[in-house]
Undergrad: 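The structure follows.
Residue numbers start from 1 in every chain, and the chains themselves are labelled A, B, ... in the order their sequence lines are given, proteins ahead of strands.
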There are 2 protein chains.
Amino acid sequence: MTDEPQGLKITKLEPEKRQGLVVVITGHGKGKTTSALGMVLRAAGHGMKSVLIQFMKGDMYAGEWDGLKLLGDRVEHYATGKGFCGLLGNPYSREEHRANAQAAIVLAREKLSSGEYDLVILDEINNARHLRLVDTGQILELIKIRPAAVHLILTGRDAHPQVIELADTVSDVQEIKHAYRKDIEPQPGIDY
Amino acid sequence: MTDEPQGLKITKLEPEKRQGLVVVITGHGKGKTTSALGMVLRAAGHGMKSVLIQFMKGDMYAGEWDGLKLLGDRVEHYATGKGFCGLLGNPYSREEHRANAQAAIVLAREKLSSGEYDLVILDEINNARHLRLVDTGQILELIKIRPAAVHLILTGRDAHPQVIELADTVSDVQEIKHAYRKDIEPQPGIDY
């Protein structure tokens, strides 16, 4: 339920010019993927269609797998990866991780060019580049082939300066503190 | 739809100890409210229940008003405000803004104590405090009365140091650049 204000003039914005934005959410703090999920939710409310392609993620269940299904056909979600490459305990080779990330680039190119989506979200792609699973040039190419009406959202720590240069809106989510440093385990609904 | 990975062992985390976290998302960059919305979506996927109380917001339609409805009874949403106090063109007096924010504090206290919600999100409360529509002591009291199992998420720029001190996870979303500085109008799905 939404409890909308009563007896108040509600403004409904509509830009004179609609245009797609390139948005980068980077940095080491909590809130990058959740911010992208929030934009998907917001867009769904406007009746817009999103596709979320997650790089590296795919070996670990997260609430968004089911949460996004609640948005029905306004979102497609692809978890393409096998976990964080190089992270302690991850059993897959760099070659396997790179093959997955490269397949995700092909998928991203296809979705971006299809004209079927208002938002294309490439979650963790900046981090995948930092880990050399995708190349900087591949991200720059995706930005360049983006149709002007499509929003392209790129998340993940360590965004490349050239990617930041091409973006319209860039946030750096800095970690002031994080519960895991107090040895608090990841909690559902917040951390996954 | 969610395209889940095939032929891959999927880990389902479950913490030995579930505990509520106090999460603060502050800073001047884009991505605070959307991050909170993303946590609501994630929690809904886990079957958890959220209540989102927005301070100051309420006079302007945003996609989340309808997006959150798609999550059904897993979320309650209250837009309690009359816009950003002091912002050019906002016609309401400081007293009116403060009365609304104070009513939202009462609502927050009630929801937090009710035991009905897994997540309580107080959107823009840090900003409301900075604008002196709520008092620092009122936020500290909410943190202190929070049942241990409940996640409390506080968003908005200019979080108070004492609030940060009591929180478990704190992110500072810094603005590297923002489309509006290039005179690009707010775009649906991204900015509202």
Undergrad: So, for His46(B) and Tyr192(A), is the gap between ring centers shorter than 6.0 Å?
TA: yes
Undergrad: Between chain B and each of Ala43(A), Ser171(A), Gly27(A), count heavy-atom pairs under 4.5 Å; write down the option with the most.
TA: Ser171(A)
Undergrad: Tell me, side chain or backbone of Tyr180(A) under 4.5 Å from chain B's heavy atoms, or both, or neither?
TA: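 For Tyr180(A), neither part sits under 4.5 Å from chain B.
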Undergrad: Who pairs with Arg94(B) by side-chain hydrogen bond (donor to acceptor under 3.5 Å, both in side chains), at least two apart in sequence or on another chain?
TA: none
Undergrad: When heavy-atom pairs shorter than 4.5 Å are enumerated against chain A, which of Ala79(B), Gly189(B), Ala62(B) gives the highest number?
TA: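 Greatest number of close heavy-atom pairs with chain A: Gly189(B).
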Undergrad: For Val23(A), which atoms come within 4.5 Å of any heavy atom of chain B: side chain, backbone, both, or neither?
TA: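 For Val23(A), the contact with chain B is made by the side chain alone.
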Undergrad: Would you tell me whether Thr34(A) and Ser35(B) have side-chain atoms, one donor and one acceptor, within less than 3.5 Å of each other?
TA: yes
Undergrad: Which one, Asp66(B), Asp191(B), Thr169(B), leads in non-hydrogen pairs under 4.5 Å with chain A?
TA: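 Winner by heavy-atom pair count: Thr169(B).
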Undergrad: Using side-chain heavy atoms (C-beta onward) and a distance below 4.5 Å, is Asp135(A) in contact with Arg129(A)?
TA: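 When only atoms from C-beta onward are counted, Arg129(A) and Asp135(A) do not touch, as no gap falls below 4.5 Å.
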Undergrad: Under 4.5 Å from any heavy atom of chain B, what part of Gln54(A) do you find: side chain, backbone, both or neither?
TA: neither
Undergrad: Check whether Ile190(A) gets within reach of chain B through its side chain, its backbone, both or neither, counting any heavy atom under 4.5 Å.
TA: both
Undergrad: Quick one: which of Val170(A), Val24(A), Asp118(A) has the most heavy-atom pairs under 4.5 Å with chain B, could you say?
TA: Val170(A)
Undergrad: Using a cut-off of under 4.5 Å on heavy-atom pairs, state which of Leu41(B), Val75(B), Val173(B) scores highest against chain A.
TA: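 Most heavy-atom pairs under 4.5 Å with chain A: Leu41(B).
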Undergrad: What's the spacing between Lys82(B) NZ and Lys9(A) NZ if we round to 0.5 Å?
TA: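 Between Lys82(B) NZ and Lys9(A) NZ, I get 14.0 Å after rounding to 0.5 Å.
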Undergrad: Are any non-hydrogen side-chain atoms of Gln138(A) and Leu142(A) less than 4.5 angstrom apart?
TA: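 Not in contact.
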Undergrad: Considering only heavy atoms and a distance below 4.5 Å, find which of Gly31(B), Ala44(B), Gly67(B) pairs most often with chain A.
TA: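 Of the options given, most contacts go to Gly67(B).
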Undergrad: Judged by modelled atom types alone, do Glu185(B) and Gln19(A) share a side-chain donor-acceptor pair under 3.5 Å?
TA: no
Undergrad: Distance only, no hydrogens: is a donor on one side chain within 3.5 Å (strictly under) of an acceptor on the other, for Thr155(B) and Asp123(B)?
TA: yes
Undergrad: Given heavy-atom pairs under 4.5 angstrom as the criterion, report whether the side chain, backbone, both or neither of Thr26(B) touches chain A.
TA: neither
Undergrad: Just so I understand: if I count every heavy-atom pair under 4.5 Å between each of Gly29(B), Ala36(B), Ala179(B) and chain A, which residue has the most?
TA: Ala179(B)
Undergrad: Relative to chain B, which segment of Ile153(A) carries a heavy atom at a distance below 4.5 Å: side chain, backbone, both, or neither?
TA: side chain
Undergrad: Which answer fits Thr80(A), side chain, backbone, both or neither, if we ask what part of it has an atom under 4.5 Å from a heavy atom of chain B?
TA: neither
Undergrad: side-chain hydrogen bond (donor to acceptor under 3.5 Å, both in side chains) with Gln162(B): which residues, sequence neighbours excluded?
TA: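 With neighbours one apart ignored, the set is empty.
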Undergrad: What part of Met48(A) is in contact with chain B, defined as an atom under 4.5 angstrom from a non-hydrogen atom: side chain, backbone, both or neither?
TA: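 The answer is the side chain of Met48(A).
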Undergrad: Is it the backbone or the side chain of Lys177(A) that comes under 4.5 Å from a heavy atom of chain B, or both, or neither?
TA: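 Its backbone and side chain both get close to chain B.
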Undergrad: Does any heavy atom of chain B fall under 4.5 Å from the side chain of Leu119(A), the backbone, both, or neither of them?
TA: side chain
Undergrad: How about CZ on Arg132(A), more than 12 heavy atoms from neighbouring residues, nucleotides or ligands closer than 6.0 Å, or not?
TA: no
Undergrad: What part of Leu21(A) lies closer than 4.5 angstrom to a heavy atom of chain B: side chain, backbone, both or neither?
TA: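 Just the side chain, heavy atoms under 4.5 Å.
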Undergrad: So, applying salt bridge (Lys or Arg N to Asp or Glu O under 4.0 Å) with Glu175(A), which one of Arg181(A), Lys32(A), Lys30(A), Arg157(A) is it?
TA: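 So, applying the salt bridge (Lys or Arg N to Asp or Glu O under 4.0 Å) to Glu175(A) and each of Arg181(A), Lys32(A), Lys30(A), Arg157(A), only Arg181(A) qualifies.
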Undergrad: Could you tell me which portion of Asn100(A) (side chain, backbone, both or neither) has an atom closer than 4.5 angstrom to a non-hydrogen atom of chain B?
TA: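 The answer is neither part of Asn100(A).
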Undergrad: Among Gly20(A), Pro15(A), Gly47(A), who wins on heavy-atom pairs under 4.5 Å with chain B?
TA: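 Counting heavy-atom pairs under 4.5 Å, the top option is Pro15(A).
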Undergrad: Under 3.5 Å, is there a donor-acceptor pair between the Asp172(A) and His28(A) side chains?
TA: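 No pair is found: no donor N or O on one side chain lies under 3.5 Å from an acceptor on the other.
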Undergrad: What is the distance from atom CD1 of Ile125(A) to atom CG of Leu152(A), rounded to the nearest 0.5 Å?
TA: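 The CG atom of Leu152(A) is 8.0 Å from CD1 of Ile125(A), to the nearest 0.5 Å.
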Undergrad: Please classify the contact of His178(A) with chain B as side chain, backbone, both or neither, using a heavy-atom distance under 4.5 Å.
TA: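 For His178(A), heavy atoms of backbone and side chain both lie under 4.5 Å from chain B.
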Undergrad: Under a 4.5 Å heavy-atom cutoff, which of Leu13(B), Leu37(B), Leu68(B) has the most pairs with chain A?
TA: Leu13(B)
